[in-house]
Number of protein chains: 2
Amino acid sequence: MSTKKTSLKDIAQRAGVSMALVSYVLNGKEKESRVGQEIASKIKQIAKELHYQPNHLAKSLRSGKTHTIGLIIADISNPFFANIARVVEDEAKRNGYTVIIGSSDENAEKSRDLLNVLINRQVDGFIIVSSENSAEQVRDLQEKNIPFVLLDRYFPDIETDFVSTDHYQAAYNAGAHLVKNGYKRIGMIAYDSQLFHMQERIRGYVEALTDQHVPFQKHWLKQIRISAIEQGVKAAIDEMLAAKQPIDSIVFATYSLAITGLKYINELSLNVPDDLAIVSFGQAEAFDLYYCPITYVKQPIGLLGKTAVEFLMKKLKHPQTEPSQILMNAELIIRASSKTKQPVHT
Amino acid sequence: MSTKKTSLKDIAQRAGVSMALVSYVLNGKEKESRVGQEIASKIKQIAKELHYQPNHLAKSLRSGKTHTIGLIIADISNPFFANIARVVEDEAKRNGYTVIIGSSDENAEKSRDLLNVLINRQVDGFIIVSSENSAEQVRDLQEKNIPFVLLDRYFPDIETDFVSTDHYQAAYNAGAHLVKNGYKRIGMIAYDSQLFHMQERIRGYVEALTDQHVPFQKHWLKQIRISAIEQGVKAAIDEMLAAKQPIDSIVFATYSLAITGLKYINELSLNVPDDLAIVSFGQAEAFDLYYCPITYVKQPIGLLGKTAVEFLMKKLKHPQTEPSQILMNAELIIRASSKTKQPVHT
DNA sequence: CTTTATTGCTTAAACGATTAAGCAAATGAA
DNA sequence: TTCATTTGCTTAATCGTTTAAGCAATAAAG
């Protein structure tokens, strides 16, 4: 019943040899370290009998490597991030790494806390979905020479590794698609955030309209404070519909905004797409099951996550190489919610 | 630029004292260890200057406590588990613990791997959503005296800590609700799993029908192999509808089954609830946004997660106490998808 | 003016691993 | 026979921390 974990020392004692030998054998360095055949198999035998499992802490303390990476995301209960997390988890495991996930709630302070906690726990590196005003944190990591890869969002004026969707292009496609399908007054509901990916989504949307000769109206764009989503979205939709020229379609810049917006649109008994066409960022079952399946921007989640891990692994092996950067294309999945506009007066 | 992390030794050297003193001071044991006022503040000062951050690995190695808990769930990309994970993350943080999440995919082998990896990493304890055939793993943990709390699912014949929904009651309510609302032929689509929670859901459903004088028909219950959900669900629905007496309502025993089922029901252009009423376990935006909002069993996710952490903390403090066990009530959220049946022939 | 307590600090072992360096004995070469 | 090499193993330092034990010097008590 005395379940003391067995250590190298225990094995060494039983085998009547030094710990060093045991270590060599159990790490497969029998040849290099010229361990005798006989004693080697004896050691292995004993290790098996005692169910020896190495203590990762001790290994890490010695080696300086924990084989652990920190994944900072906005919120694990958001399906986009949950999916990312799953991919990262699997990819990391394939590489012999364990992942510690932390949710920042898009909040720079929480994000800093998480970074600190995980740095103290000696993670080898980070994959980070940055929150607003966290540029300084990124610079900190660089100064401390802690390897990291930015995911989904990056800072155009800081040279880092990153893996991101081309948010500009994605939003551009979304906007252009609505124009092509006959919509004339196209709103966007986005976050009131300086984060580059959000700015890019807005820019893409605006430029798509402009390029397609639908002159963008300032009041078509509503930016919601992240701290009051529901309130903000409702107000935005109300205003958009109350205008003299009410909008006929909305691009939601994120999944959360879309969910909140769609619930409200349901409450208002508006019909999608006849009263209001919808295109959204994000992807989830909710969009598939909506009475009128939602057209959405499908980010290459699997590839994003995989590549982020890959870049980080590269960085961990060769810390001094040039940053790896990649911008991936999102696919616009076209569904009924944005179908060609039916003229109101035939 | 030489960013060697600062250690106790560095501070000790700078202050011209021994490491012990530094350790005492920085751990707030100045009084007990009779450290001089002056030197104490000098040490604190230097620690601040050098941005000292303790190395958690070393601490843990010494103390045998990592302040880390392992959370084993089926799949982080499933919203139910993602939400649980979020709650556990936050609660753990409040208690000064870090969480490592692992997805088992309902697979005993993966689950064992995860346990082993995390045990080697010296987590202090586990919160586990058990997968099928993992009773042996649970017994192993008990033998090794590793603290853990089972979440959502438990083994009735193993005495452990657990926190679970009363799945029987929840399913009973779901079934009874459909009967009360006039449905006569009530199917259930569940997993083909021996896991107790699934058996309980099935038992609850069957007994609800029986108690309400709707004699349960064997072919109303379809059990799907978890390895072929889509195929299985489609076949199940097909069979249910092809019967001489086609069913008029379905209870989905899990969120994933419901999502798959609803997609298929949409494909078939069946109308909910007129052609087929629906009640499901699980909860997610998808259910709210469905054209006909889905009646569902709402498990007390927040409380489940919180309590699981609480139980684990208790176990970590007092390993030898009696197991804490709790069964919580789920709430049936009644929506349009199960509304009172309209007679077909008026 | 001893003896005893108290104060302020240091020493060193320990946690569990890794690994460079070194030492004897056995073997090979000259 | 003698020196060099190879083989098989041990010693001990190290990673960064904690903490029991001990040692002087000073203060308090007798």
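Chain letters run A, B, ... following the sequence lines, proteins first and then strands; every chain starts at 1. Note: hydrogens, waters and symmetry copies are ignored here, and every other heavy atom, side chains too, is used.
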Could you go step by step and tell me if Asp10(A) and Lys5(A) meet the salt bridge (Lys or Arg N to Asp or Glu O under 4.0 Å) rule?
CA-CA 9 Å; Asp10(A) 302 325; Lys5(A) 287 210 66 179; over 6 Å; no
How close do Ala108(A) and Glu132(A) get, heavy atom to heavy atom, and via which atoms?
CB-O, 3.3 Å
Check the distance between dG8(C)'s C1' and Lys42(B)'s NZ and give it to me in whole angstrom.
14 Å
Do NZ/NE/NH1/NH2 and the carboxylate oxygens of Asp90(A) and Lys110(B) come within less than 4.0 Å?
no
Please determine whether a side-chain nitrogen of the Lys or Arg among Glu106(A) and Arg153(A) lies less than 4.0 Å from a carboxylate oxygen of the Asp or Glu.
yes
Residue Lys9(B), side-chain heavy atoms: nucleotide from dT10(D), dC15(D), dT19(D) that is nearest
dC15(D)
Return the polar atom pairs (N/O with N/O) between nucleotides 20-22 of chain D and the protein under 3.5 Å, or none.
from, atom 1, to, atom 2, distance (Å)
dA20(D), N6, Tyr24(B), OH, 3.2

Establish, yes or no, whether a centroid distance under 6.0 Å links the rings of Phe162(A) and Tyr154(A).
yes
Considering only side-chain heavy atoms of Ser18(A), which listed nucleotide, dT10(C), dT10(D), dG16(D), is closest?
dT10(D)
Separation between CG (Leu61(B)) and NE2 (His56(B)), nearest 0.5 Å, reads 13.0 Å
Could you tell me how far apart Met19(A) (CE) and dA14(C) (C1') are, to the nearest whole angstrom?
12 Å
Taken to the nearest whole Å, CG/Asn27(A) to P/dG16(C) is 17 Å
Taking NE2 from His67(A) and P from dA17(C), how many angstroms apart are they, rounded to a whole number?
16 Å
Using 4.0 Å as the upper bound for N to carboxylate O, is an ion pair formed by Arg86(A) and Asp105(B)?
yes
Here the distance between atom P of dC15(C) and atom NZ of Lys5(A), to the nearest Å, is 15 Å
Using five pairs at each end of the helix from dC1(C)-dG30(D) to dA30(C)-dT1(D) to define an axis, what is the angle between those two axes, to 10°?
60°
Among residues 49-66 of chain A, which contact DNA chain D at a heavy-atom distance under 4.0 Å?
Leu61(A), Arg62(A)
How close or far is atom C1' of dT7(C) from atom CD of Glu30(B), stated in whole angstroms?
15 Å
Figure out the CD/P separation between Glu32(B) and dT7(C), and round it to whole Å.
13 Å
Should Lys93(B) and Asp113(A) count as an ion pair when the cut-off is N to O under 4.0 Å?
no
Please tell me which of Val17(A) and Lys29(B) maps to the more 5' nucleotide of DNA chain D, matching each residue to the nucleotide holding its nearest heavy atom.
Val17(A)
Looking at NZ of Lys65(A) and OH of Tyr97(A), how far apart are the two atoms once the value is rounded to the nearest 0.5 Å?
7.0 Å
Arg94(A) vs Glu91(A), test: salt bridge (Lys or Arg N to Asp or Glu O under 4.0 Å). Steps then yes/no.
CA-CA 5 Å; Arg94(A) 280 203 331 105; Glu91(A) 272 308 287; 3.2 Å; yes
Test: Glu30(B) and Lys44(B) ion pair at under 4.0 Å:
yes
Euclidean distance, atom CG of residue Leu26(A) to atom P of dA17(C) [Å, nearest integer]:
9 Å
